[in-house]
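The structure appears right after this line, and notes come after that.
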Amino acid sequence: SYFFFIMLAAVVVFAYCCQFLVTRAIFLIPASSVMPFNYVLVIVSFLADIIIFEHTFDAISVCGIFVVSLGLFVIIQKEERPRKSSHDST
């Protein structure tokens, strides 16, 4: 149907824009600050596939998105932890 192809074209355009902006951001700020957003993109695309295209997933897909989400959580926790500097020896 036409609706499916319009939605598919919108997904392609948004994915292109998102990748362009992430690549541009890597040039402007450190990559370690930008790369966690790639995990968010995977999660958002998973949810969009469920909501927009009404796709059902098997247990392997759900486990995969869980692993990606867990990786994002670990990265966020690691970034929030205060870092010890080399001259703090106490």
Side-chain angles (χ1 to χ4, degrees):
S1 72
Y2 288 115
F3 178 74
F4 176 78
F5 288 111
I6 290 171
M7 293 304 293
L8 187 60
V11 168
V12 169
V13 169
F14 285 125
Y16 173 79
C17 291
C18 188
Q19 187 61 45
F20 176 78
L21 293 174
V22 167
T23 304
R24 181 73 179 130
I26 289 174
F27 285 108
L28 299 175
I29 60 176
S32 62
S33 300
V34 177
M35 294 318 289
F37 286 101
N38 280 340
Y39 289 96
V40 174
L41 296 175
V42 172
I43 296 167
V44 168
S45 65
F46 178 80
L47 294 175
D49 204 12
I50 292 172
I51 295 168
I52 296 172
F53 297 109
E54 299 174 0
H55 191 188
T56 57
F57 293 95
D58 57 356
I60 299 285
S61 299
V62 174
C63 288
I65 199 67
F66 177 74
V67 169
V68 170
S69 300
L70 186 63
L72 177 61
F73 178 74
V74 168
I75 289 172
I76 290 171
Q77 289 299 318
K78 187 175 180 181
E79 290 293 322
E80 287 181 356
R81 203 175 324 144
R83 295 182 182 162
K84 291 183 179 179
S85 62
S86 60
H87 62 298
D88 289 341
S89 60
T90 57

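Here the structure is a predicted model, which means the values were calculated and not measured.
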Would you mind writing out the side-chain donor-acceptor pairs for residues 3-27 within the sub-3.5 Å range, not counting sequence neighbours?
unit_1 : atom_1 : unit_2 : atom_2 : d
T23    : OG1    : Q19    : O      : 2.8

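- Counting non-hydrogen atoms of neighbouring residues, nucleotides and ligands closer than 6.0 angstrom, the CZ atom of F73 reaches no more than 12 such neighbours.
- V68 and I50 fall within the same hydrophobic cluster, defined by Ile, Leu, Val, Met, Phe, Trp and Tyr side-chain heavy atoms under 4.5 Å apart, directly or through other members.
- Heavy atoms of other residues, nucleotides or ligands lying less than 6.0 angstrom from CD1 of I60 number 12 at most.
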